[in-house]
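What follows is one structure encoded as C-alpha cells, with my remarks underneath.
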Amino acid sequence: MQTSWEVIFYRTPAVSVIQTLIREAKRFGIAPWWEVDDLIFDLELYGQNSNLLSLSKAEQEGLLEGAKLYRECLQLCGRGIASTRVLGEIMQRAGIKDVCIIENAFDGETLRIADQLLGAGNLPRKNDDIVIVYGSGTRTHDQDFVECAAGLAAAMDAEPRLVLQIIGELTLPDEFQRFGSRVEYLEGRDYAGYMAVLAAADIAIAPLEPSIFNDAKSNIKFLEAAILQLPAVCSPSDTFRVVVEDNKNGFLAKDETGWRDTLLALARDEALRERIGRQARQDVLLRYRPEAIAQQQVATQFPSPERRKTDRLRVMAVNIFFKPRSFGGATLVAEEMATHLSALETDVAIFTSYEQIPELFSSSLRYEIEGLPVVGSPLSTHIDPIAGLDNPRCTAQFISWVKAFRPDVVHFHSIQGLGLGMLQACLEEGVPFVVTLHDAWWLCERQFMVKPNGRYCFQRHIDLKVCGACLPGAMHLKVRQDMMLSMLKEASLLLAPSESHRALYLANGFAPELVKVNRNGFSWPKVAHKPHQPKTPLRFGFVGGQEAVKGFPLVREVFEGLESADWELVLIDNTLNLGFASMDVSGWKVKGRITIQPAYGDATRDAFFNSIDVLLFPSQWMESYGLTVREALARDVWVISTAPGGQAEDIVDGVNGNLIPLDGRPEPLKTAVEGILARPDMLDSYVNPMKGDLPKFRGQAEELKQFLQSVVH
C-alpha cells in the first residue's frame, strides 16, 4: 500500500485492523475506495431480503451485524466502487458522493475453463433429455427459485423430456415431487466442476425474487451460461435487463406464463438454443472480457499508470537518512539536491530508511516532506557492516517504489545498510543509475579509512593485505571488494564532491571518464559577518566532536599549551540538542576561556559563525569535502585546516586560511594558532577575497541535473 497511488478495500468490514489501514492510506494522501458487488452494507434493505428467512436466527443476526460494519467501512473510505447501477445509487444514498460503477468481468480462469469445455464438445447422451440446470450453491436461494417454480413445473408437465438439475442446496416446492427422477440433486463442487455441469446442460435458469436487493446483484449467472454458449432464462432484474436482449441472446421471464412458454420454446427448438447460445457468447465476450471492462470502465476512473510524455526529468534519490530523520553531511547534500532539483522542474522521489515502528512490523513507510514523496524502509540504527551489504527486504521495497514512481534515473547517495541489491535491481529494471561517492565506503569497510586507533589510513590504491591487518580475522574483505567494485562499475556515472576524492577512486581502477566532480554547495549566510573587534580576545571555533579523527585531542593539547590567555574557544556539542551533554572540559588546564554550544541549524548557523573569528578544522583524514570549511569561508571566518583532502581545496594558504600537514602532530596546529594570536589585528576587518569561487546548492543542482540527464537513454 505504501507504494500505491490508489487503495481499494474490497468487501471489508470496519474492524480495527482495517480502520488502521484506512487511516494509513489517508495519512499519505490517498483517498481510499470501498468496493462491493452485493448489497451487504444497508441494514434496512438487507433485512428485506426474504432469503434470510432460510437461515437460523443466529446466522441472520450475524449477517445484519456485519452490514453495520460494512457500511461504516464504506463511510470511512468516503468513495465507493459498485458492480451495478442500483448498488451505486444505494451507496450515494448512504452519503457517498464519489461512486463509480465497474461491472464484474470475466476472469482468466473462467475463460480458460470455458474454452476447454467448448473445445471438448458435449458427450452423446443415452436419451433425448433436455436438461435445465440451476446453480443454487447455498440454501439462501429458496425464495428466488419460487419465481420460476410454477412456470417450470408447467413446462415439465407439458414436455416430458425436460430434466431439472440442481447444483448445491435448495428446498424445492412440494409440487416437484411428482417428477421423481426427473429432478436431480448434485452436490456442490469446485468451479471447474460446476462449469462442466453447465456445459453439459441445454438450458440455464436464473430466477430472482423482485427486490432492490436482487436488482443490486451482478449478472454473473447469465455470464457463466453465455460464455459456454448455453441459452439462459432470467428474471427481469436490473442487471439482467442491461445485458439480456429478449429472443436475441437470452430470455427474460417475469411470470408463470413467461417462464413456461420460454422454457418450452427452447426445449422444442434445438436451432433456437444454438442461435441464442452463440449470440450470448459473442455479446458477453465483447463487453465482459477483462480487457474490455478495463478499457471501457476501469480506465475512466483509474487511468493507465503509464507516464504522460513530458520533458521533465524523473529522478529517484536514495540516501540512508532523509528529513525528518536527518544526520550527517551526505544527508544534507541529498536533501538539498532533492529540493533544488524539484525547483528546477524535475520530478523527484526519495527512498530512505526509518527507525522501525512496532505497529508497522516490516512494512515500508510512505510520507511526504516539502512536497516530495518519500518511502522509507525499516532499518535499525545499529547497522551490521557485513549484513548491511545485502538487504533483501529493502531491495523488494525499493523495487516496488521504482515500479510505482518510474524514474528515468536513480541517484544513489550514501546507502550503507540499505544494500547493494538496489543497484542490481536498477540493472534488472533497465533504469540507469548514478552514484555520488560521499566517502570511501565503497572502497573501505571503515567508510572514512580511519583505523581502530583513530588514525587515518593513507592508502591510495587499496591493498587488502593492509586492510587485513586493520581488520584481523575479517575473511570477507575480498568478497566485499568484489561486490562493491562490480556494482560501481555498472553505474552510468560516478560523482565525487572534490578533485581529491575523485583521485582516490581513479587510483582504484575507475576510468576518468566515469568519475566526474560535482562540488557540494552549502548554506550561504543570510546576514553579514561581524568582524573581530579590536582589543578583544580572538574567538576560535571547533565543530568536529570528540573523535580523534576530527582532531579533537590535538585541539585540547594545543590550547592547553598556549601561554596567551587572550582567546576564547567555542566547542560544538552535537548531543546537547538531544537533551544531554557529551563534552566535559572541566579537566582542561587552559588560560583562556572555553564555552560549549549546541549544534547549529539553519536558524542558528549565522549566529554561531558570528561568535568566532577562526574555524579550526584539523581533520586527520582526507575528507571528501569540507562543508564546515565552506560555511566559514563564505562568512569571512579564517580557517585553519589540514591538507591534503577535499577540506583544503577552497583554502589558499595565507589568503583565506592556513594549511597544516595531515600528520597527526600538534605542533603545526599550535604554530598556526599562535601566529594568529600574535597578529589579532589581521582579522579586524578581514573579508575573504575568494568567496566568489565557492559553490552554491543551486549551481550544484543545475550541474547535477545535467549529469543525470546525460545518462538517460
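For the single chain, residues carry numbers from 1 onward in sequence order.
Between the side chain of Thr395 and the backbone N or O of Asn391, at least one donor-acceptor pair lies under 3.5 Å. Judged purely by atom type and a 3.5 angstrom limit, Arg79 uses its side chain to pair as donor or acceptor with the backbone of Ala31. For the pair Thr262 (side chain) and Trp259 (backbone), a donor-acceptor distance under 3.5 Å is absent. In this structure, the side chain of Thr84 engages the main chain of Ala216 through a donor-acceptor pair within 3.5 Å. With hydrogens and angles ignored, the 3.5 Å screen pairs a side-chain donor or acceptor of Arg273 with a backbone N or O of Leu266. Checked by atom type and distance alone, the side chain of Asn249 pairs as donor or acceptor with a backbone atom of Val243 at under 3.5 Å. Counting only distance, with no hydrogens or angles, the side chain of Glu184 and the backbone of Ile166 share no donor-acceptor pair below 3.5 Å. Gln75 places a side-chain N or O within donor-acceptor distance of the main-chain N or O of Ala94, the cut-off being under 3.5 Å. A distance-only check finds no donor-acceptor pair linking the side chain of Ser83 to the backbone of Asn104 [under 3.5 Å]. Between the Asn214 side chain and the Glu209 main chain, a donor and an acceptor come within less than 3.5 Å of each other.
No side-chain heavy atom of Ser218 sits under 4.5 Å from any side-chain heavy atom of Glu103. Side-chain atoms of Val374 and Glu368, non-hydrogen and from C-beta on, never get closer than 4.5 Å to each other. A 4.5 Å side-chain heavy-atom check between Leu152 and Phe176 finds at least one atom pair inside the cut-off. Side chains of Asp107 and Leu111 form no contact here, defined as non-hydrogen atoms less than 4.5 Å apart. Here the side chains of Ser377 and Leu379 are not in contact, with every heavy-atom distance at 4.5 Å or above. Side-chain atoms of Ile90 and Phe41, non-hydrogen and from C-beta on, do get closer than 4.5 Å to each other. By the 4.5 Å heavy-atom criterion applied to side chains, Pro373 and Ile350 are not counted as neighbours. At a threshold of 4.5 Å between non-hydrogen side-chain atoms, the residues Trp401 and Gln2 do not count as touching.
Between Asp283 and Lys248 there is no salt bridge, since no side-chain nitrogen of the basic residue lies less than 4.0 Å from a carboxylate oxygen of the acidic one. Ion pairing of Arg112 with Glu109 is absent here, as no side-chain N (NZ or NE/NH1/NH2) approaches a carboxylate O to less than 4.0 Å. A salt bridge links Arg281 with Asp115: the distance from a Lys NZ or Arg NE/NH1/NH2 to an Asp or Glu carboxylate oxygen falls below 4.0 Å. Glu256 and Arg260 are not joined by a salt bridge, as no carboxylate oxygen comes within less than 4.0 angstrom of a charged side-chain nitrogen. Comment: Glu147 does not engage Lys254 in a salt bridge, judged by the lack of any side-chain N to carboxylate O separation of less than 4.0 angstrom. Ion pair Glu35/Arg11 not flagged as a salt bridge, since none of the NZ, NE, NH1 or NH2 atoms sits closer than 4.0 Å to an Asp/Glu carboxylate oxygen. Between Asp347 and Arg312 a salt bridge is recorded (basic side-chain N to carboxylate O distance below 4.0 Å).
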Pair Trp33, Cys100 - check side chain to side chain contact (heavy atoms under 4.5 Å, CB included), show working.
CA-CA 10 Å; Trp33 298 86; Cys100 69; 3.9 Å; yes
Item to complete: Starting from the C-alpha separation in whole Å, work towards a yes-or-no answer on salt bridge (charged side-chain N to carboxylate O under 4.0 Å, His left out) for Glu429 and Arg406.
Response: CA-CA 10 Å; Glu429 295 294 325; Arg406 303 188 179 196; over 6 Å; no
Exercise for the section: With side chain to side chain donor-acceptor pair (under 3.5 Å) as the test, would you mind laying out the steps for Ser353 and Arg325 before giving the verdict? Expected result: CA-CA 9 Å; Ser353 70; Arg325 194 179 179 220; 3.0 Å; yes
### Message
Before you tell me yes or no, could you show the steps for Lys68 and Glu72 under salt bridge (charged side-chain N to carboxylate O under 4.0 Å, His left out), namely the whole-Å CA-CA distance, both residues' side-chain angles and the distance that decides it to 0.1 Å?
### Response
CA-CA 6 Å; Lys68 298 177 183 177; Glu72 183 181 355; over 6 Å; no
| Evaluation steps, side chain to side chain contact (heavy atoms under 4.5 Å, CB included), between Leu223 and Ile227 | CA-CA 6 Å; Leu223 300 186; Ile227 198 64; over 6 Å; no
- Message: The test is side chain to side chain contact (heavy atoms under 4.5 Å, CB included); show your working for Ser362 and Arg393 and say whether it passes.
- Response: CA-CA 8 Å; Ser362 60; Arg393 179 178 62 197; 3.2 Å; yes
Begin from the C-alpha positions of Arg178 and Asp157 and carry the test salt bridge (charged side-chain N to carboxylate O under 4.0 Å, His left out) through to its verdict. CA-CA 10 Å; Arg178 67 177 182 268; Asp157 283 332; 2.6 Å; yes
task: Evaluate side chain to side chain contact (heavy atoms under 4.5 Å, CB included) for Phe302 paired with Ile102, printing each intermediate quantity in order.
output: CA-CA 11 Å; Phe302 303 96; Ile102 299 177; 4.0 Å; yes
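Asp202 CG to Leu230 CG: the interatomic distance, rounded to the nearest 0.5 Å, is 7.5 Å. Separation of atoms CG (Leu164) and CG (Asp129) is listed at 12.0 Å; rounding is to 0.5 Å. Between the CG atom in Leu263 and the SG atom in Cys148 there is a gap of 7.5 Å [rounded to 0.5 Å]. Rounding to the nearest 0.5 angstrom, the gap separating the CG atom in Leu87 from the CG atom in Leu39 is 6.0 Å. Going from atom CG of Asp246 over to atom CD1 of Ile276 covers 8.5 Å, rounded to the nearest 0.5 Å.
More than 12 heavy atoms of other residues, nucleotides or ligands shown are found within 6.0 angstrom of CD on Gln92. Heavy-atom neighbours of Glu175 CD from other residues, nucleotides or ligands within 6.0 Å: above the threshold of 12.
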What pairs of donor and acceptor atoms, side-chain ones from residues 189-197 against any protein atom, are under 3.5 angstrom apart with sequence neighbours left out?
unit_1: Arg189; atom_1: NE; unit_2: Glu187; atom_2: O; d: 3.0
unit_1: Arg189; atom_1: NH2; unit_2: Glu187; atom_2: O; d: 3.0
unit_1: Asp190; atom_1: OD1; unit_2: Ala192; atom_2: N; d: 3.4
unit_1: Asp190; atom_1: OD1; unit_2: Gly193; atom_2: N; d: 2.7
unit_1: Tyr191; atom_1: OH; unit_2: Thr110; atom_2: OG1; d: 3.3
unit_1: Tyr191; atom_1: OH; unit_2: Glu224; atom_2: OE2; d: 3.2
unit_1: Tyr194; atom_1: OH; unit_2: Glu224; atom_2: OE1; d: 3.0

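Cation-pi geometry between Arg314 and Phe405 is met: the NZ or CZ atom falls under 6.0 Å from the ring centre, inside 45° of the normal.
When all heavy atoms are compared, the tightest approach of Val133 to Ile167 is CG2-CD1, 3.8 Å. Residues Leu372 and Thr339 come closest through the heavy atom pair CD1-N, 4.3 Å. Nearest heavy-atom pair, Pro407 versus Val431, reported as atom, atom and distance to 0.1 Å: O-CG1, 3.9 Å. Among all heavy-atom pairs drawn from Leu418 and Thr352, the shortest one is CD2-O, 4.3 Å. Minimum heavy-atom separation, Ala299 to Gln295: CB-O, 3.6 Å. Closest heavy-atom contact between Asp215 and Thr239: O-CG2, 4.0 Å.
Aromatic ring centres of Phe28 and Trp5 lie farther apart than the 6.0 Å criterion allows.
Taking the six-membered ring where the residue is Trp, Phe222 and Phe240 present perpendicular rings, their angle passing 60° and hence far from 30°. Aromatic ring orientation, Tyr70 versus Trp34: tilted (interplanar angle from 30° to 60°).
Ser4 and Arg366 are not linked by any side-chain donor-acceptor pair at a separation below 3.5 angstrom, with hydrogens and angles left out of the test.
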